[in-house]
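Note that the structure is a prediction, hence the values are computed from the model and not measured.
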Amino acid sequence: MREAHLAVLRGATNRQAARPESAPGRLPAPLTAFVGRDDELELLAELVETSRLVTVLGPGGVGKTRLAVEAASRHRAHRRGRLWLVPLAGVSGPDSVADAALGVLSSPDGRLSGGQGDPLDRVVELLGGGESVLVLDNCEHVVGAAAEFARQLLERQPQLTILTTSRESLEVMGEALCRLGPLDLPRHRADPADASRSAAVRLFVDRAVAVRPGFELNTSTVDAVVNVVRRLDGLPLALELAAARLRAMSPEQIERRLDDRFRLLSTGNRAAQPRQRTLHAVIEWSWDLLTEQERLLARRMSVFPAGTGGAAAEAVCSDAADLPADDVGYVLDALVEKSIVEHAGNGYHMLESIRAHAAQKLRQAGEEEQVRGRFTRYFAGVAEEHEPLLRSARQPESLRIFDAEYDNLMFALRSAIDDGDPDTAARILSPLYWYWNSLRYDARSENYVARVVEFGDALPEDTRTAFTAIHLLAGDSGPKVDTEQARALIEDCTSTGALRRYPVLLMATLPMGHILGLDDLVARQIQEVRAGSDRWATACTFVAEAFIRRDRGDWDGCSTAIVHALRGFEETGDRLWTAMVLAGQAQVHSVGGDHARAIAAFERSLALAPHDAFSYRIGLATERMRSGDLDGARRDIDAAEQEARDRGQRLLETEALVTLAEFHRRSGHPERADRELDRMALLARETSMPAEAISARVAASRMANSLASGDTAGARGLLSSTVAAAFAHRDIAPAAQHLAKLLHLEGDPVGAATALGTSQTIRGAFDHGDPELRELGTELARRLGQDEHDEAYRRGAGMPRHEALDLLTAYTT
């Protein structure tokens, strides 16, 4: 009071400056910037106001102490000199917590002192009255003593608040928890601006600049930084240790060495506690605090590359002697409580660094092969159980399982192949192939199919035939056989019963058989399937028929087949394929000029299959543009583009940019449209798409932009590549429409009207839903007169289809 009185008389009213900041128990001055954690700081501030005991809970290295110190520094008790930090990392024994607190409170500045007696009594006396905060840091290794000390102290000091940090809760009545996880991560392949929104990236860059001045997050460093941050789970200590390696390494070198992360991150802050200096030491400290049964489950859980449910953990990790199945749930909860395992929703997972540490323990225990075998067999059972359900009304339930367990299923497939187990590999591959083909493209799929085929005679005949056909007929790079070999493959699929056992083969054999000219064989296959009782397979034959009829220019037949396919999939309850067929029906309505029904069909697809929202949003955007609703189209494009970014899929982003280019063209800005196509080409080069495929993908769009801007020479130069791309994708009518626009610009209205007629011949219907074509038709009729226009149009529309195709290609020579 005397000091405060003198300070007021002297005009020095800053009480915080008047007290000795270097005294024991005071908060340490930060040496580095505090990055992120805004939400956690806000939550912690609320909890400290409403609860007297608050614990910051989380795994080692996640930044619990730093958060607690930052939150404490903002509390009014700190400004009043009524807040003390008690480090517990170096203490042990039942009386150690009270002794550590007493040592902090009995500071040498003389402001607080105590006499002899019980440590708890002396702490109570030294705290005195009034509001105060005690921060107990690193309680996990003395959690029982810390809990008892906190309970007794809170009972005797009604105006005291205790803030603790620990890897497990104190479990004291009234304790409030602030669970602290890793920093938020950037999406896959984020650009510098997007990546910098991630607190994990900002922390890495902040620490990187400290050791390598001038370091920047730019286009040359962003991919490596994002990959490092993601592989380190956004764990602050790991990020800081990795950033420190930039003294001698590039981000790319750090990324390449993360498979041996404990060696890479073996040096850090020499001034830190020994258990905080390396990533291995941080995790080993937590490991040493586990019981034997907890260590057993933790090391076995490392076999899971991704999160999983309790049933899988029980099946894979239990044994009759040391970890009975009934114990697994309880031990899992203990591992969650001790921040070794994370629990979200119905799933459990390990941070990658903890998993890598536990995997070392699994190898050292000699259990890796045995546990991996149980893992593979379990997921083969899951795949086999859900294979028929994926094509039924129970599809949503099965898709949730495949979505949640995808990485585990893929690891099980790879393990079965590597271990030379053809039966298990085939059991997993069949439903996964349906999943890839229907919902989730995976660039690894063709390789896995090829590796299973290599098992040869070790596979049952129908299985070998099925996957050989898939590999040779429907690979990413197209058919790998000639027509006669294809015929033999398709006939084998029928004779061995492969088609009946693996209905997904239908999409590999029927359209490809037509493309290879085996229409008679395809017709026999379709007839045989329709004579059977498999409704899903029958619906697939109508999808194949729709493709074949469209390819032949039979638009009415295509429309009818789509109706039958839609009815069939609706009867089976398969929502995904119902949605896909609805999208095909939407295109039929669109060509007929019925925009309302087309939009409704796309919207129903979106509702049925939110997993595949991107493609249906792109379809919606295109249809809205054709109907004149440019604002609605832009909203759908933006949503689709955001989804592509969120999923980290560059190929989807390229599709969004092509649609955005069309939006700008239809909005009257072909120059902006060309810039979007430039962006698309740059982005596509970061994917596996070959350069010629990129050029082919944008040829028609670039030609449309040239036509819209009146660049006749530019459009003429792009005609050949546009027609070639149209033939390659078996969607040829739009190329005839582009030719009509070009001839109109070149002053040949008769040729333009005839080319429009050929578009009807090639497709089997004129595109009544495209406002640009309607405007072109109106302008041609004005220039030629209605009769001459109609005669020229009928000349093209009345051609045999092969002559119309020949005429189109003749203009490219």
Side-chain angles (χ1 to χ4, degrees), residues 553-556 559 587-596 598 622-623 625-630 662 665-670 673 700-720 722-723 726-727 731-813:
D554 180 2
W555 192 252
D556 290 339
S559 304
Q587 293 175 359
V588 171
H589 294 319
S590 181
V591 167
D594 193 339
H595 298 298
T622 302
E623 191 56 35
M625 283 188 276
R626 287 163 61 90
S627 72
D629 180 10
L630 293 177
E662 181 179 355
R665 189 196 81 237
R666 289 186 183 271
S667 301
H669 303 289
S701 297
R702 290 206 183 276
M703 184 174 178
N705 293 341
S706 295
L707 292 169
S709 61
D711 180 7
T712 306
R716 170 61 69 171
L718 288 163
L719 178 62
S720 180
T722 298
V723 172
F727 273 89
D731 188 15
I732 306 169
Q737 295 165 182
H738 279 59
L739 174 62
K741 296 174 186 177
L742 174 61
L743 294 175
H744 168 59
L745 284 180
E746 290 179 335
D748 182 3
V750 173
T754 300
L756 276 184
T758 64
S759 75
Q760 175 178 322
T761 297
I762 292 168
R763 182 188 291 110
F766 181 75
D767 187 355
H768 295 283
D770 190 336
E772 294 179 345
L773 288 185
R774 290 199 300 270
E775 291 173 8
L776 176 61
T778 300
E779 176 61 19
L780 291 174
R782 186 190 65 78
R783 290 187 61 182
L784 293 172
Q786 193 64 52
D787 291 342
E788 187 177 354
H789 166 270
D790 292 348
E791 181 181 354
Y793 182 89
R794 284 193 297 269
R795 192 179 305 125
M799 285 183 185
R801 190 168 188 268
H802 70 274
E803 290 184 12
L805 295 174
D806 290 342
L807 178 65
L808 177 60
T809 56
Y811 275 100
T812 66
T813 58

To the nearest 0.5 angstrom, please state how far the CG atom of Leu719 sits from the OG atom of Ser706. 11.5 Å
Arg666 versus Pro771: any side-chain heavy-atom pair under 4.5 Å? yes
Please determine whether salt bridge (charged side-chain N to carboxylate O under 4.0 Å, His left out) holds for the pair Arg794 and Glu791, giving the CA-CA distance in whole Å, both sets of side-chain angles, and the decisive distance to 0.1 Å. CA-CA 5 Å; Arg794 284 193 297 269; Glu791 181 181 354; 6.0 Å; no
Give the minimum heavy-atom separation between Thr761 and Gly796, together with the two atoms involved. OG1-O, 2.9 Å
Which atom names give the shortest non-hydrogen contact between Thr812 and Thr809, and what distance separates them? OG1-O, 2.6 Å
Reported CZ-to-OG1 distance for the pair Phe766 and Thr758, which is rounded to 0.5 angstrom: 10.5 Å
Any non-hydrogen side-chain atom of His768 less than 4.5 Å from a side-chain atom of Val591? no
Return the CG to CD distance between Leu780 and Glu775, rounded to the nearest 0.5 Å. 12.0 Å
Return the CD to CG distance between Gln737 and Leu739, rounded to the nearest 0.5 Å. 10.5 Å
Specify the closest pair of heavy atoms between His738 and Ala704, including all atoms of both residues, with the distance to one decimal. NE2-CB, 3.7 Å
Spacing of CD belonging to Glu623 relative to CG belonging to Asp594, to within rounding of 0.5 Å: 9.0 Å
Residues Gln587 and Trp555: closest non-hydrogen pair is O-CZ2, 4.1 Å
Please work out which of the three classes, parallel, tilted or perpendicular, describes the rings of Tyr793 and His789, given edges at 30° and 60°. parallel
Without swapping roles, check the side chain of Ser759 against the backbone of Ala733 for a donor-acceptor pair under 3.5 Å. no
Might you point out which heavy atoms bring Leu707 and Ala715 nearest each other, and give the distance in Å? CD2-CB, 3.6 Å
Quick one: pull up NE2 in His669 and OG in Ser709 and give me the separation to the nearest 0.5 Å. 13.5 Å
With sequence neighbours left out, write down each residue that passes side chain to side chain donor-acceptor pair (under 3.5 Å) with Arg626, or none if nothing qualifies. Ser590, Asp767
Exam field: side chain Arg763 to backbone Gly553, donor-acceptor pair closer than 3.5 Å: no
Test log, rule side chain to side chain contact (heavy atoms under 4.5 Å, CB included), inputs Val723 and Tyr811: CA-CA 10 Å; Val723 172; Tyr811 275 100; over 6 Å; no
Minimal heavy-atom distance between Phe727 and Leu808, with the atoms involved, is CE1-CD2, 4.1 Å
